[in-house]
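The structure appears right after this line, and notes come after that.
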Amino acid sequence: MIILDGKKTSNDIKDEITNTVQKMKKNGEKVPHLAAVIVGNDGASLTYVGSKVRACERVGFESTMVRLPNTTSETELLAEIKKLNDNPEIDGFIVQLPLPKQIDTQKVLMAVDPDKDVDGFHPTNFGRMALDMSTFIPATPFGILELMDRYGVETQGKHTVVIGRSHIVGRPMSILMGRKGFPGNSTVTLTHSHTKNITQITSQADIIITALGVPGFLKAEMVKDDVVIIDVGITRVPDESRERGYYITGDVDFENVSKKASYITPVPGGVGPMTIAMLLKNTLLARERHRAANK
């Protein structure tokens, strides 16, 4: 059994990006600039955006954080997005989700310029991804592909089962794993809350990608020997015996499933660190595109 080490791989990617940015500086080129918009004081969101800003510093990117109060109206947020769209200094930006209830998330995501949508959530970019065209792939699926690629996980002709159909992970993963090329060329089954006999399906899978958010959902008896497990789930489980008062776990019963797996991602330290690394990679791609367009 091989651990798919997202922490190590993400650090390798950050080192590669750092080298590219240093060459850009030597050549007198503008370095990539990532902005993040956060509305309100959600603790998990603040932590996540903070880690993105630190990652920018580590690789030599410029970064901007736009913090808005919880009472921000949809009109005010759309005005901030327009400023970022119109600012030539900003190569890419993200709007941290979830947003307060007075704001229509779909309307906000639609307002982001697709050329700066480094989260890959805009319908234009999602459509381009579905058609195998060059685009920004959403950071978490992009990270999963990169992890498989770097560890040489065979995907061609394999049966991939995706658990969960979110627009951020499950749906794009089901498209990407079925595309031509590597990683891809697998036969994909997309399962969700209405799927019947899920154990019958998962027990036939060569690769399982689970993004459900249900701790310990995938048990050893649900998988076959030598399965590849990608665990995207990340849940804080209350535990008074721990100093933090909780522990972090994934969708997979790691202790027992890992005994049957050929490859498996840990939680934490698997898919999570890859998401931020690929957000940086998308921002670098945005900068290169903007430079080419301005020539």
Worksheet item: So, is the end of the Arg289 side chain (NZ or CZ) under 6.0 Å from the ring centre of Phe136 and within 45° of the ring's axis?
Response: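 Judged by the rule (NZ or CZ under 6.0 Å from the ring centre, within 45° of its axis), Arg289 counts as positioned above Phe136.
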For the [atom1] atom of [X] and the [atom2] atom of [Y], what is their distance to the nearest 0.5 Å?
X: Ile198; Y: Gln200; atom1: CD1; atom2: CD; value: 11.5 Å
X: Leu97; Y: Ser45; atom1: CG; atom2: OG; value: 8.0 Å
X: Met148; Y: Ile209; atom1: CE; atom2: CD1; value: 4.5 Å
X: Leu78; Y: Ile103; atom1: CG; atom2: CD1; value: 8.0 Å
X: Asp231; Y: Ile208; atom1: CG; atom2: CD1; value: 10.5 Å
X: Met274; Y: Ser10; atom1: CE; atom2: OG; value: 6.5 Å

Report, as yes or no, whether the 6.0 Å neighbourhood of atom [atom1] on [X] holds more than 12 heavy atoms from other residues, nucleotides or ligands.
X: Lys107; atom1: NZ; result: no
X: Met65; atom1: CE; result: yes
X: Arg242; atom1: CZ; result: yes

Is [X] reaching over with its side chain to a backbone N or O of [Y], donor-acceptor style, under 3.5 angstrom?
X: Lys14; Y: Arg58; value: no
X: Lys219; Y: Asn256; value: no
X: Thr202; Y: Met222; value: yes
X: Arg128; Y: Ser134; value: yes
X: Asn125; Y: Pro114; value: yes
X: Asp117; Y: Phe121; value: yes
X: His122; Y: Met110; value: yes
X: Asp253; Y: Gly216; value: no
X: Gln102; Y: Glu74; value: no
X: Asp251; Y: Leu212; value: yes

Identify the two heavy atoms, one from [X] and one from [Y], that lie closest to each other, and give their separation to 0.1 Å.
X: Val161; Y: Ala205; value: CG2-CB, 3.5 Å
X: Met278; Y: Ala139; value: CB-O, 3.6 Å
X: Ile3; Y: Phe254; value: CD1-CZ, 3.6 Å
X: Ile163; Y: Leu218; value: CD1-CD1, 4.1 Å
X: Gln96; Y: Val49; value: OE1-CG2, 3.5 Å
X: Pro69; Y: Val39; value: O-CG1, 3.4 Å

Discussion item. Evaluate Ile38 against Tyr48 for side chain to side chain contact (heavy atoms under 4.5 Å, CB included), listing each step before the verdict.
Written reply: CA-CA 10 Å; Ile38 185 162; Tyr48 195 44; over 6 Å; no
Does any non-hydrogen side-chain atom of [Y] lie less than 4.5 Å from one of [X]?
X: Pro32; Y: Met24; value: yes
X: Ile168; Y: Pro138; value: no
X: Asn185; Y: Lys180; value: yes
X: Val112; Y: Asp119; value: no
X: Lys116; Y: Ile90; value: yes
X: Arg244; Y: Arg236; value: no
X: Leu284; Y: Phe61; value: yes
X: Met173; Y: Leu145; value: yes

Fill in: Identified side-chain contact (heavy atoms from CB on, under 4.5 Å) counterpart of Ser262 within the set Ile229, Val228, Asp225
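That would be Val228.
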Practice prompt. Under the side chain to side chain contact (heavy atoms under 4.5 Å, CB included) rule, what do Leu176 and Phe142 come out as? Steps first, then yes or no, please.
Written response: CA-CA 9 Å; Leu176 293 162; Phe142 196 7; over 6 Å; no
Discussion item. If we check side chain to side chain donor-acceptor pair (under 3.5 Å) with His33, which of these qualifies: Thr64, Thr283, Asn87?
Written reply: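 When side chain to side chain donor-acceptor pair (under 3.5 Å) is applied between His33 and each of Thr64, Thr283, Asn87, only Thr64 qualifies.
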Practice prompt. Could you please spell out the steps behind the side chain to side chain contact (heavy atoms under 4.5 Å, CB included) verdict for Thr265 and Leu147?
Written response: CA-CA 9 Å; Thr265 59; Leu147 209 47; 3.9 Å; yes
Cluster question for you: counting only ILVMFWY and a side-chain heavy-atom cut-off of under 4.5 Å, with indirect links fine, are [X] and [Y] together?
X: Ile175; Y: Val162; value: yes
X: Tyr247; Y: Val214; value: no
X: Val267; Y: Val169; value: no
X: Val252; Y: Ile2; value: no
X: Val271; Y: Ile94; value: no

Worksheet item: Is Lys83 paired with Glu80 through a side-chain N to carboxylate O contact shorter than 4.0 Å?
Response: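 Salt bridge present between Glu80 and Lys83.
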Fill in: Residues Arg287 and Glu29 bridged, charged N to O under 4.0 Å
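Salt bridge between Arg287 and Glu29, a charged N being under 4.0 Å from a carboxylate O: no.
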Item to complete: Might you work through the side chain to side chain contact (heavy atoms under 4.5 Å, CB included) test for Ile81 and Phe93, ending with a clear yes or no?
Response: CA-CA 9 Å; Ile81 288 170; Phe93 68 95; 3.9 Å; yes
Discussion item. Checking Ser186 against Thr155 for the side-chain hydrogen bond (donor to acceptor under 3.5 Å, both in side chains) test, could you report, in this order, the C-alpha distance in whole Å, the side-chain angles of both residues, the deciding distance, and whether it holds?
Written reply: CA-CA 6 Å; Ser186 72; Thr155 60; 6.0 Å; no
Discussion item. Checking Lys82 now: which residues fulfil salt bridge (Lys or Arg N to Asp or Glu O under 4.0 Å) with it, not counting sequence neighbours?
Written reply: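 Salt bridge (Lys or Arg N to Asp or Glu O under 4.0 Å) check on Lys82 returns Asp86.
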